[in-house]
Amino acid sequence: MSRKSPGPTADSDTDNDSGTGSDNGRRKGRRALSAVRRWIVTAPGTYIWLTVLFVTTVLLHRTTPAFEDGTSGGISDGSSGAPSWDPVRPLLSGVLWIDCGHWIPYAVLFTVFHATAEHWLGTLRWLAVAALTHVLAVLLGEGVLGWAVRYGDASQSAGNTLEVGVSYALAGVVAVLTYRVPHPWRYVYAFAVLVFYGVPLAADGRTVTDLGHVTAVLTGLACYRLTRGARSPEETERPAAQ
């Protein structure tokens, strides 16, 4: 009498299914971690900048108000009592400090906009756009503020307005990403960016910061030539730093 060959039992089937599901979950987790690591490594400028901002934000929370005052704007009283313009301080502090003191929202914004632009344009061209928009926005904003203080349209204390240079560079990069959006959505995106940054400038209570944001956006839109030859959106799904 032949004996039946042993076959898989219900319990063994369950174990195999459980093992396969566990293996699949681990593989998916490894792929996700690999994708995150690749995204960060291939946008070195963005994440080095974010690291610096994290350090300065921690310092800002742990120091005295007097230290925070050192990150403010560039109009100061001269020895003669007339305001003098020092653009170097806001140019430098604008890229080293976050005005609101909250790092996580900027980490999200940098990942969505700066890292995407760096993958698309390459590190050097992304940096050129960010630097150009930041410098022009700060210089124009500080120039207008200095003029207003000098001619009595603003108080001298207004010269110590905190510059938000990080947001200027962000606005410029948000604008230059217009040229990455395919037609016809490109025009919808550009319109949304102009409305988002333009409405505060047109409203009552507008500030020099609002002027700086609009300046940065217009500068970013003017950087079209820097986007020529940039990688296509399909290629940026497999980012590689340039």
Side-chain angles (χ1 to χ4, degrees), residues 53 57 60-61 65 68-78 81-110 112-114 117 129-178 181 185-223:
L53 290 174
T57 300
L60 195 64
H61 284 297
E68 296 184 36
D69 291 341
T71 67
S72 61
I75 310 298
S76 60
D77 292 336
S84 60
W85 188 39
D86 177 18
V88 175
R89 185 173 59 171
L91 282 172
L92 293 179
S93 65
V95 297
L96 296 177
W97 305 93
I98 296 174
D99 66 305
C100 63
H102 300 297
W103 182 82
I104 291 178
Y106 274 96
V108 174
L109 292 172
F110 270 49
V112 172
F113 296 107
H114 276 302
V129 172
L132 183 62
T133 54
H134 166 68
V135 169
L136 290 181
V138 169
L139 290 179
L140 180 61
E142 286 292 310
V144 169
L145 184 59
W147 180 88
V149 170
R150 182 177 296 275
Y151 291 99
D153 293 327
S155 66
Q156 291 190 0
S157 62
N160 291 322
T161 301
L162 184 67
E163 282 296 335
V164 282
V166 168
S167 67
Y168 291 162
L170 179 63
V173 168
V174 168
V176 82
L177 283 171
T178 296
V181 179
W185 299 108
R186 174 176 300 181
Y187 303 107
V188 176
Y189 178 89
F191 177 76
V193 171
L194 290 171
V195 168
F196 180 82
Y197 286 104
V199 166
L201 183 62
D204 293 336
R206 54 186 171 270
T207 65
V208 170
T209 298
D210 298 325
L211 174 62
H213 285 151
V214 171
T215 302
V217 165
L218 295 178
T219 304
L221 291 174
C223 289

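These numbers were taken from a predicted model, which means no experiment stands behind them.
Here the closest non-hydrogen pair linking Cys223 and Leu132 is SG-CD2, 4.0 Å. Of all heavy-atom pairs between Gly212 and Ala137, the closest is O-CB, 3.3 Å. Pairing each heavy atom of Ala130 with each of Ala169, the nearest pair is O-CB, 3.7 Å.
Proximity of Thr133 to Tyr168: side-chain heavy atoms (C-beta onward) are nowhere separated by under 4.5 Å. In this structure, Trp185 and Tyr189 have side chains that are not in contact, with every pair of non-hydrogen atoms separated by 4.5 Å or more.
How far OG1 of Thr215 is from CG of Leu136: 8.0 Å, rounded to the nearest 0.5 Å. One finds the CG atom of Leu211 at 6.0 Å from the CG atom of Leu201 (value rounded to the nearest 0.5 Å).
Qualifying side chain to side chain contact (heavy atoms under 4.5 Å, CB included) partners for Val195, counting only residues two or more places apart in sequence or in other chains: Phe191, Val199. The side chain to side chain contact (heavy atoms under 4.5 Å, CB included) search around Leu194 returns Val217, Leu218, Leu221, not counting sequence neighbours. Residues that satisfy the ring pair (Phe, Tyr, Trp, His ring centres under 6.0 Å) test with Tyr197, not counting sequence neighbours, are His213. Take Ala107 and apply the side chain to side chain contact (heavy atoms under 4.5 Å, CB included) test, not counting sequence neighbours, and it matches Leu50, Trp103. Evaluation of the ring pair (Phe, Tyr, Trp, His ring centres under 6.0 Å) rule for Tyr187 yields His183 as partners, not counting sequence neighbours. Checked against side chain to side chain contact (heavy atoms under 4.5 Å, CB included), Leu109 has the following partners two or more places apart in sequence or in another chain: Phe113, Leu170.
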I would like to know whether His102 and Ile98 meet side chain to side chain contact (heavy atoms under 4.5 Å, CB included); could you show each step before the answer?
CA-CA 7 Å; His102 300 297; Ile98 296 174; 5.8 Å; no
